[in-house]
Novice: 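I am attaching a structure below and will ask some questions about it afterwards.
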Amino acid sequence: MDTGADPRSQRERMLAGDLYRADDPELVALARRAALLVQRYNSTAADRPEQHEALLRELLGAVGEQVVVRPPFYCDYGSQIRLGDRSYLNVNAVLLDVAAIEIGADVQIGPNVQLLTPHHPLDPEQRRTGWEAARPITIGDNAWLGGGVIVLGGVTIGPDTVVGAGSVVTRDLPAGVLAVGNPARVLRPLAG
């Protein structure tokens, strides 16, 4: 595969979900910007909610009303994360937003949850030479992800779905179900 013949920038490739190189100077600068904002966010005193909100709005692509993100919080770029109204992210949320991460309204995310959009090629030479790609993650309105849940790239979790603590979500989950395990499997529908 001749990945060098593509005329697009590495950022354009990344945003398209195609193979790209994260060590590209433009992407390194964007990641550094995010890292500095994340550092400021995480070190801001708990009695400064207005400063937390301003930093979050500067860092992320979109932030709804009455959103709570408890520090510490971690992300790659920030600009690809969209948080819906009244969503809550507990401590140690890791949102690796190489691809878009869309979190709906009224979503509850437990402590130590990881939303991981990046993936690396199976081909060892592509990995060795630094190529990677990503797939988006979408979390529907009123979903609840228990503590320690891991969601892989390319996954959509439907509205009103509950994912049990410690589960690893590798495939889409429909609306209004309880899912648990590794890999997460639907146990039953939830009464509306």
Side-chain angles (χ1 to χ4, degrees), residues 1-39 42 59-62 69 72-83 89 92-104 107 109-140 143 145-158 161 163-174 179-186:
M1 172 187 207
D2 181 10
T3 50
D6 191 328
R8 297 175 297 168
S9 72
Q10 296 301 314
R11 183 170 184 268
E12 289 169 329
R13 292 179 190 193
M14 181 187 83
L15 294 174
D18 297 330
L19 287 173
Y20 76 98
R21 297 282 307 263
D23 61 356
D24 175 73
E26 178 185 18
L27 293 176
V28 169
L30 291 170
R32 184 175 298 119
R33 173 195 176 274
L36 291 170
L37 287 168
V38 165
Q39 182 180 34
N42 290 336
L59 173 63
L60 303 184
V69 178
F73 165 79
Y74 304 97
C75 66
D76 277 329
Y77 299 101
S79 59
Q80 298 233 81
I81 299 170
R82 290 173 172 27
L83 302 178
L89 281 68
N92 288 319
V94 175
L95 280 64
L96 300 186
D97 63 316
V98 174
I101 297 176
E102 301 277 345
I103 297 174
V107 172
I109 293 183
N112 301 307
V113 167
Q114 300 176 52
L115 305 181
L116 310 175
T117 68
H119 67 93
H120 300 275
L122 295 178
D123 178 275
E125 185 57 28
Q126 287 180 331
R127 280 196 316 276
R128 189 176 5 270
T129 56
W131 293 99
E132 59 185 77
R135 294 180 294 240
I137 293 173
T138 302
I139 312 294
L145 308 183
V149 166
I150 298 172
V151 180
L152 300 184
V155 167
T156 295
I157 297 175
T161 286
V163 180
S167 297
V168 178
V169 185
T170 61
R171 297 184 191 158
D172 291 353
L173 296 174
V180 299
N182 180 4
R185 299 188 192 289
V186 174

Novice: Are the side chains of M14 and Y77 in contact, using a 4.5 Å heavy-atom criterion?
Specialist: yes

Novice: Does any N or O in the side chain of T161 come within less than 3.5 Å of the main-chain N or O of P174, such that one atom is a donor and the other an acceptor?
Specialist: yes

Novice: Taking CD in E26 as the centre, count heavy atoms belonging to other residues, nucleotides or ligands within less than 6.0 Å. Is the count above 12?
Specialist: yes

Novice: Looking at every non-hydrogen atom in both residues, tell me the closest pair between W131 and Q10 and how far apart they are.
Specialist: CZ3-OE1, 3.8 Å

Novice: Can you list the steps and then say if L145 with V169 is a side-chain contact (heavy atoms from CB on, under 4.5 Å)?
Specialist: CA-CA 10 Å; L145 308 183; V169 185; 5.9 Å; no

Novice: Taking atom CZ of R171 as the centre, report whether more than 12 heavy atoms of other residues, nucleotides or ligands fall under 6.0 Å from it.
Specialist: no

Novice: Short question: side chain of S167, backbone of N182 - any donor-acceptor pair under 3.5 Å?
Specialist: no

Novice: Could you tell me whether the side chain of V151 reaches within less than 4.5 Å of the side chain of V163, counting heavy atoms only?
Specialist: no

Novice: Checking T117 against Q80 for the side-chain contact (heavy atoms from CB on, under 4.5 Å) test, could you report, in this order, the C-alpha distance in whole Å, the side-chain angles of both residues, the deciding distance, and whether it holds?
Specialist: CA-CA 11 Å; T117 68; Q80 298 233 81; over 6 Å; no

Novice: Measuring from I101:CD1 to L116:CG, what's the distance to the nearest 0.5 Å?
Specialist: 8.0 Å

Novice: Using side-chain heavy atoms (C-beta onward) and a distance below 4.5 Å, is L27 in contact with Y20?
Specialist: yes

Novice: Just wondering, do D6 and E12 contact through their side chains at under 4.5 Å, heavy atoms?
Specialist: no

Novice: Does R21 use its side chain to pair, donor to acceptor, with the backbone of T129 at less than 3.5 Å?
Specialist: yes

Novice: Hey, does V113 have a side-chain heavy atom less than 4.5 Å from the side chain of L89?
Specialist: no

Novice: Check this for me: R127, atom CZ, are more than 12 non-hydrogen atoms of other residues, nucleotides or ligands nearer than 6.0 Å?
Specialist: yes

Novice: With a 3.5 Å distance limit and no angle check, can you tell me whether D172 reaches the backbone of T156 through a side-chain donor-acceptor pair?
Specialist: yes

Novice: Does any non-hydrogen side-chain atom of N42 lie less than 4.5 Å from one of Y74?
Specialist: yes

Novice: If every non-hydrogen atom of C75 is compared with every non-hydrogen atom of I81, which pair is closest and at what distance?
Specialist: CB-CD1, 3.7 Å

Novice: Can you find a pair of side-chain heavy atoms, one from L95 and one from I103, that are under 4.5 Å apart?
Specialist: yes

Novice: Taking the side chain as everything from C-beta on, heavy atoms only, tell me whether V168 gets closer than 4.5 Å to P183.
Specialist: no

